[in-house]
Engineer: 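To start, I am sharing the structure in question, which I have written as structure tokens.
Labels below follow one simple rule: chain letters A, B, ... track the order of the sequence lines, proteins then strands, and each chain is numbered from 1.
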There are 2 protein chains.
Amino acid sequence: MSAITVSRVLRTPELVSEPVRLRVMEAVARLGYVPDPAARVLASAKSDVLGILIPSVTNSVFADVLRGIYERVEGSPFHVQLGNTRYSILEEERLLGVFSRQRPAGLIVTGLDQSARSVALLRQVDCPIVQIMEIGDEPIDMMVGFSHRDAGRAATRHLRDRGYRRIAFLGARMDPRTRRRLEGYGEVMKEAGLFDERLIVTTQRASTVTLGCELLSELLSRTLEVDAVFCNNDDLAIGVLFECQRRRISVPDDFGICGFNDLEMMAVANPPLTSVRTNRLEMGRKAIELLIARIAGEPIGAPVVDLGFEVVARRSTAGPLARDARPST
Amino acid sequence: MSAITVSRVLRTPELVSEPVRLRVMEAVARLGYVPDPAARVLASAKSDVLGILIPSVTNSVFADVLRGIYERVEGSPFHVQLGNTRYSILEEERLLGVFSRQRPAGLIVTGLDQSARSVALLRQVDCPIVQIMEIGDEPIDMMVGFSHRDAGRAATRHLRDRGYRRIAFLGARMDPRTRRRLEGYGEVMKEAGLFDERLIVTTQRASTVTLGCELLSELLSRTLEVDAVFCNNDDLAIGVLFECQRRRISVPDDFGICGFNDLEMMAVANPPLTSVRTNRLEMGRKAIELLIARIAGEPIGAPVVDLGFEVVARRSTAGPLARDARPST
DNA sequence: TTGACGAATGATAGCGCTAACACTTAAAAC
DNA sequence: GTTTTAAGTGTTAGCGCTATCATTCGTCAA
């Protein structure tokens, strides 16, 4: 029996007759034979690696996306290779270089703001590519995400509709997506004639609960005329809530709080915190589904998938006039 | 100029004369040549892959360890290949099989409780191995972690020393490390003559803040005689705090709360929550340092590194008698 | 002068697999 | 009965590197 027959049994068993196939499979099982992936890649010029580039491994948003990714890769013949760009465009370029040499079967990159060199590299690489987290008009190949600008608009409108007027924006780790949320906030505030630069407090530091406390303190030291805050993510919102508790600021009566991402803890805080639900798990799943479909040559629908978002209204934004009307829990 | 000379310039430049070396390097830069990693692995029978097996990518504990890992791998010639075992011993076996075929340069696995087959595989693999998170007496190769049993003992002793008597244990996702913390708790409680089975509430569900609320409710429905709780991690502790706020249970006066891992939010909660600080970042860093040192053939110190832990006492465990004596913040 | 030696470079083979094509056999079509 | 076709299996070559050994050349000791 020749080597190529074994190779065929392992890769395309339907091309091998049943008796031969069974004998080979028996021998493979008995000897514990497993093909050498390096030799495979070298001979076939394709690997089974799906390269994933994300800016952070500790941010729970990406952790959820990753979980969706692993969930769908599971059971497929592919493997995940993770690259951590740490929010650096140069590191992203470097990692793309490393990944592209490995002839990946597919690539996932975060966001729309790759450097020109990264984009050039991505256009050369001969594999499907999904940009995740955001959507835009010019996908390199495919996209799965939602509009952060629209989400920022929706959250701000929600606070405005609930009767808040002096609505602040707290932002940490101002990456492109955070900036677009801020953009949406600014638009709505201007449209409502409520815009005031002093209401915007941002920092490049990474988002933490502690930072939420600090940013609220910074905000309150600038102006006492604030009656709500849109936090660019939930860590900050929890920090703001803790700080309000300490300062005996009543939420939502005197102060509304809206977070972003709707982490599970938002629903059980006191009061429960309003947030913008994003489909992070689904984002990871869908990205892998698109990659695998394209690798298999199957047709995909639209190359840009909008997973949307949803403002989940909870008591923390019941409104400044809600003191008497609000539910007991 | 022959191919082997180029290969030498790239791998062992000190063996090539300066003029030749410079010419080759110039050409490499000009042509943008980069060697094919698959061919390299095939020819040299060694890869630059460090395989990492962790049970979860969403658990922030492992996210921190990962960050330490990426930090140290950065700048080295190695790459991280991440495997997610999802707390399944079988999945761990499978992934070890996949990894070992890639002739990894090093391996990191989580915990001490690998299956017999996994251990056999690990002993066969020709690369350094680090077991992380825990320490024990029989390392497969090397270990970096701390004693969860001792940490459980320390936290329970702390609650006891602060004057709490009816100290409960809340545990989620009862993995081997959680069980050893429970073991430590049980020992101290028995030594103090305080042990009561009804005070132990555990579940296999993954740990969340919401689950902390639920487990506390479950506990209080069993017995009202509880004056403190040791949560097997910080998510639960935060949930317990929120639930106490809702039930108007005064922390720490009527109820003490101690978490585990000391996530950053613990320090800014109301009241600040006591927790057991663990060196997660350092765990990742140290594991990679050990691997790289061994790959380079450098001597390492002891093969088992105890990174320890520390009970960080905050107001949430000031004690039932502290009502008058406690600080104002 | 000669041989030994080390430094620098090259020639050869092969890592373990798969692509591409070649061949064999039996069934189907003419 | 011959040709065509398809299914099943084998042969050959080569993927892009590096291990190993061979060669060249200059230097130095005997």
Engineer: Using only side-chain N and O atoms of S44(B), determine if any of them is under 4.0 Å from OP1 or OP2 of dT18(D).
Structural biologist: no
Engineer: I'd like to know if D175(A) and R177(A) make a salt bridge, using a cut-off of under 4.0 Å between side-chain N and carboxylate O.
Structural biologist: yes
Engineer: Please lay out, stage by stage, how T85(A) and E91(A) fare under the test side chain to side chain donor-acceptor pair (under 3.5 Å).
Structural biologist: CA-CA 5 Å; T85(A) 66; E91(A) 182 67 7; over 6 Å; no
Engineer: Step through the shown structure and confirm whether more than 12 heavy atoms of other residues, nucleotides or ligands are within 6.0 Å of CD on E18(A).
Structural biologist: no
Engineer: If we ignore hydrogens and angles and just use 3.5 Å, is the side chain of S115(B) paired with the main-chain N or O of S118(B) as donor and acceptor?
Structural biologist: yes
Engineer: With sequence neighbours left out, what residues match E264(A) under side chain to side chain donor-acceptor pair (under 3.5 Å)?
Structural biologist: T210(B)
Engineer: Could you tabulate the donor-acceptor pairs under 3.5 Å formed by side-chain atoms of residues 19-29 of chain A, not counting sequence neighbours?
Structural biologist:
residue: R21(A); atom: NE; partner: P13(A); partner atom: O; Å: 3.3
residue: R21(A); atom: NE; partner: V16(A); partner atom: O; Å: 3.4
residue: E26(A); atom: OE2; partner: R30(A); partner atom: NE; Å: 2.9

Engineer: Given I108(A), which partner from the list L291(A), V65(A), L53(A) fulfils the side chain to side chain contact (heavy atoms under 4.5 Å, CB included) test?
Structural biologist: L291(A)
Engineer: Taking the nucleotide of DNA chain D with the closest heavy atom to each, which residue, I4(B) or A3(A), is nearer the 5' end?
Structural biologist: A3(A)
Engineer: To the nearest Å, give me how far apart CG (L42(B)) and P (dC17(D)) are.
Structural biologist: 12 Å
Engineer: How bent is the helix from dT1(C)-dA30(D) to dC30(C)-dG1(D), measuring the angle between the end axes built from five pairs each, rounded to 10°?
Structural biologist: 40°
Engineer: Would you say CZ of R101(B) has more than 12 non-hydrogen atoms from neighbouring residues, nucleotides or ligands within 6.0 angstrom?
Structural biologist: yes
Engineer: Just to verify, what does F146(B) make a ring pair (Phe, Tyr, Trp, His ring centres under 6.0 Å) with, not counting sequence neighbours?
Structural biologist: H148(B)
Engineer: Charged N to carboxylate O under 4.0 angstrom, D141(A) versus R123(A)?
Structural biologist: no
Engineer: Using whole Å, what does the distance between atom P of nucleotide dG16(D) and atom NZ of K46(A) come to?
Structural biologist: 15 Å
Engineer: Which ones in residues 6-21 of chain B lie close to DNA chain C, meaning a heavy atom under 4.0 Å from one of its atoms?
Structural biologist: R8(B), V16(B), S17(B), V20(B)
Engineer: How long is the line joining CZ of R40(B) and C1' of dC15(D), in whole Å?
Structural biologist: 16 Å
Engineer: Would you say S2(B) reaches dA11(C)'s phosphate, i.e. side-chain N/O to OP1/OP2 under 4.0 Å?
Structural biologist: no
Engineer: Given atom CG of D48(B) and atom P of dC17(D), what is their separation to the nearest angstrom?
Structural biologist: 14 Å
Engineer: Measure all distances between protein nitrogen or oxygen atoms and nitrogen or oxygen atoms of nucleotides 4-6 of chain C, and list the pairs falling under 3.5 Å.
Structural biologist:
none

Engineer: Rounded to the nearest 0.5 Å, what's the gap from CZ on R94(A) to CD1 on I89(A)? Could you check?
Structural biologist: 15.5 Å
